[in-house]
Amino acid sequence: MSMQEVDRSGIIRQVVEKRLKQKEAMGLLNLSKRQIIRLVERYRREGSKGLISKHRGRTSNNRHSEVIKQQVRKLIEEQYADFGPTFAAEKLLERDGVKVNKESLRQWMIDWGTWKPKRSKRVKVHQSRPRRPCFGELIQLDGSHHDWFEGRADKCCLLVLIDDATSRLVGLRFEDQETTDGYFRVVRAYIEREGRPLAFYSDKAGVFRINHSKVLSEGETQFERAMGQLGVELICANSPQAKGRVERANGTLQDRLIKEMRLHGISTQKAGNAFLAAFMEEHNRRFAVEPACEVNAHRAGLPTGEELDLIFSKQHVRTLSKNLELSYKHAIYKIKVDDTGYTLRHAKVTVCECLSGEVTVVYKGRILPYQRHEKKTYTADIMGTKEMTARLDKLAKQGKKHIPATQHPWRRFVINPNKMGRAEGVRSGSYPQGV
């Protein structure tokens with residue numbers, strides 16, 4: 001008997017012996033009068049053994065049959081071998097129509113050896129920050145470098161935007177590297193769909209912040225400049241834990257998104273980007289929470305399409321020569337004017353390179369027409385660390401040298417026998433005299 005059954009037996013015995021009233025027993029055992037009467041009758045008929053549960057030692061009525069268990073095991077081993085128990089239970093129900101509790105499946109997978117239980121680790125305590133109350137008040141963004149296509153395509157970076165108040169994914173996009181252009185694409189798509197948020201929360205990567213000590217107080221990155229023109233504040237976190245919501249989302253996506261793309265047969269970035277909208281909708285339906293305040297903090301007013309093209313462009317200041325020319329990226333741009341153009345001589349103009357590659361020259365809010373002429377260049381390209389890594393990886397694949405096999409003819413003959421000695425298998429006199 002369990003301790004609970006022993007205590008129950010003592011109380012029921014006192015009721016039978018008239019030392020305790022049924023009403024008092026009801027309060028002690030937290031049972032109804034009907035249950036007390038039933039236990040008293042069973043005690044009088046069978047004694048203390050009658051109070052032992054009749055279900056002990058019997059198979060549960062809700063237990064899955066061995067046939068179902070073997071069917072689930074086959075599906076797990078063939079399709080969901082690297083899935084976690086929770087995700088596997090979802091897919092078994094969604095794709096195969098088999099309903100299994102995630103905790104039951106966890107125990108089965110541990111017994112089968114397909115899931116290893118995780119040990120709790122000692123971690124540094126980071127006090128959680130309360131969520132912002134309104135949707136669109138703070139958007140966390142980050143890039144996750146990973147082998148997203150499991151070798152079916154090159155490694156790439158997933159740019160992730162998540163709302164702090166609701167944990168809603170508001171932007172996803174695959175890019176080769178974590179670059180300014182990539183963030184421009186994903187942020188523009190997001191604000192055109194939802195509106196302008198109040199603030200972005202990022203790390204201290206070079207895309208968001210100039211980290212050189214000499215220009216730290218003066219300069220700004222292209223992303224900072226674009227957000228300033230849109231009226232969106234950019235905040236940089238001091239640690240990964242400070243923006244833990246997007247960091248945890250990266251871990252979830254590296255588990256679920258990879259497996260979803262595998263199940264849908266997606267093997268390219270283009271197909272992956274087309275799939276992300278449907279994935280975001282399903283992910284938000286499952287994991288998003290309601291905000292504390294119903295007010296939507298997104299601002300609906302947006303610049304026109306042409307203005308957005310200029311805002312989400314790389315902008316550089318150039319000085320026109322006395323001939324109204326400027327140099328930009330190995331090309332000469334000659335400004336076309338109707339008059340003499342004296343006012344533009346040595347003027348400061350802004351060169352805007354849009355995401356499409358189109359170049360626009362702006363002077364005091366006015367777009368200047370120009371003619372473009374290519375010029376030869378002898379200088380090396382300038383690029384960041386991440387772009388350099390991708391370029392070197394590409395060159396390494398192209399520049400692999402062929403190494404001759406051990407039995408290759410080049411390895412069997414000696415070029416200079418006077419120094420190397422007679423090669424094995426080469427007859428004497430096979431070289432001309434004097435060699």
Side-chain angles (χ1 to χ4, degrees), residues 121 123-146 156-175 177-191 194-255 257 280 283-284 287-289 291-293 297-299 312 384-386 389:
K121 299 183 295 184
V123 295
K124 186 178 180 180
V125 176
H126 295 274
Q127 294 291 334
S128 59
R129 172 182 55 80
R131 294 176 181 266
R132 302 305 303 170
C134 299
F135 174 52
E137 189 172 346
L138 183 67
I139 303 297
Q140 298 186 18
L141 70 167
D142 193 24
S144 178
H145 299 266
H146 195 68
C156 58
C157 179
L158 178 66
L159 306 183
V160 182
L161 277 66
I162 187 170
D163 177 62
D164 186 78
T166 62
S167 292
R168 280 184 56 187
L169 293 175
V170 295
L172 292 177
R173 184 176 178 85
F174 286 114
E175 292 283 344
Q177 296 293 329
E178 190 177 1
T179 61
T180 300
D181 287 353
Y183 277 108
F184 276 172
R185 293 187 187 96
V186 68
V187 169
R188 177 169 181 174
Y190 154 60
I191 67 170
E194 300 287 351
R196 292 175 296 142
L198 295 183
F200 280 118
Y201 198 34
S202 68
D203 55 21
K204 294 182 179 179
V207 173
F208 311 109
R209 179 174 181 265
I210 293 181
N211 296 311
H212 199 286
S213 58
K214 293 183 179 180
V215 293
L216 188 60
S217 60
E218 300 177 359
E220 64 177 4
T221 64
Q222 296 287 345
F223 193 85
E224 280 183 292
R225 185 263 316 154
M227 294 303 103
Q229 292 178 347
L230 288 171
V232 179
E233 185 178 0
L234 180 63
I235 307 171
C236 294
N238 283 321
S239 66
Q241 291 80 8
K243 54 183 185 66
R245 211 168 309 285
V246 71
E247 296 289 350
R248 289 188 293 272
N250 289 339
T252 302
L253 293 171
Q254 288 178 10
D255 179 37
L257 178 57
M280 276 200 304
H283 183 279
N284 293 336
F287 295 109
V289 299
C293 179
H298 286 99
R299 293 161 289 175
F312 288 105
T385 304
K386 295 176 180 177
T389 302

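Screening residues 133-146 for salt bridge (Lys or Arg N to Asp or Glu O under 4.0 Å) gives Arg132-Glu137, Asp142-Lys243 as the qualifying pairs, with residues at least two apart or on separate chains.
For the pair Phe174 and Cys156, the tightest heavy-atom approach, listed with the atom from each and the gap, is CD2-SG, 3.8 Å. Closest of all the heavy-atom pairs between Cys236 and Tyr201 is C-CE1, 4.2 Å. Nearest heavy atoms, Ala297 versus Gly136: CB-C, 3.8 Å. The shortest non-hydrogen separation linking Leu234 to Ser202 is CD1-OG, 3.9 Å. The nearest pair of heavy atoms linking Gln254 to Ser144 is NE2-OG, 2.8 Å. For the residue pair Arg245 and Ser167, the shortest heavy atom distance occurs at CD-OG, 3.6 Å.
For the pair Cys134 and Pro291, the minimum side-chain heavy-atom distance is 4.5 Å or more. Contact of the Val187 side chain with the Phe200 side chain is registered, since non-hydrogen atoms from C-beta on lie closer than 4.5 Å. The shortest side-chain heavy-atom distance between Leu169 and Phe287 does not fall under the 4.5 Å cut-off. Put simply, the side chain of Leu158 reaches to within 4.5 Å of the side chain of Leu172, judged on heavy atoms. Counting only heavy atoms from C-beta outward, the side chains of Leu141 and Phe208 approach each other to under 4.5 Å. Counting only heavy atoms from C-beta outward, the side chains of Ile139 and Val170 approach each other to under 4.5 Å. Residues Leu159 and Glu178 form a side-chain contact, since some pair of their non-hydrogen atoms from C-beta on lies under 4.5 Å apart. At least one side-chain heavy atom of Pro197 sits less than 4.5 Å from a side-chain heavy atom of Val232.
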Steps toward side-chain contact (heavy atoms from CB on, under 4.5 Å) verdict (His145, Gln177) | CA-CA 8 Å; His145 299 266; Gln177 296 293 329; 3.9 Å; yes
Step by step, work out the side chain to side chain donor-acceptor pair (under 3.5 Å) result for Asn250 and Arg248.
-> CA-CA 5 Å; Asn250 289 339; Arg248 289 188 293 272; over 6 Å; no
Stepwise side-chain contact (heavy atoms from CB on, under 4.5 Å) check, Glu224 with Gln229 = CA-CA 9 Å; Glu224 280 183 292; Gln229 292 178 347; over 6 Å; no
May I have the step-by-step check of side-chain contact (heavy atoms from CB on, under 4.5 Å) for Arg185 and Tyr190, ending in yes or no?
-> CA-CA 9 Å; Arg185 293 187 187 96; Tyr190 154 60; over 6 Å; no
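A side-chain donor-acceptor contact under 3.5 Å links Arg196 to the backbone of Leu230. Without hydrogens or angle criteria, Arg131 side chain to Asp164 main chain gives a donor-acceptor distance under 3.5 Å.
When each of Ile210, Thr180, Asn211, Val207 is tested with Thr221 by the rule side-chain contact (heavy atoms from CB on, under 4.5 Å), just one qualifies, namely Ile210.
Note that CZ of Arg225 is 7.5 Å distant from CD of Glu220, once rounded to the nearest 0.5 Å. Considering CD of Gln222 and CZ of Phe184, their distance stands at 6.0 Å, rounded to 0.5 Å. A distance of 5.5 Å separates OG1 in Thr252 from NE2 in His283, rounded to the nearest 0.5 Å. Considering CG of Leu198 and CZ of Arg299, their distance stands at 5.5 Å, rounded to 0.5 Å. Taken to the nearest 0.5 Å, the CD atom of Gln140 stands 10.0 Å off from the CD1 atom of Ile235.
Judged purely by distance below 3.5 Å, without hydrogens or angles, the side chains of Thr166 and Asp163 pair a donor atom with an acceptor atom. Counting only N and O atoms by type, the side chains of Glu175 and Tyr183 include no donor and acceptor under 3.5 Å apart.
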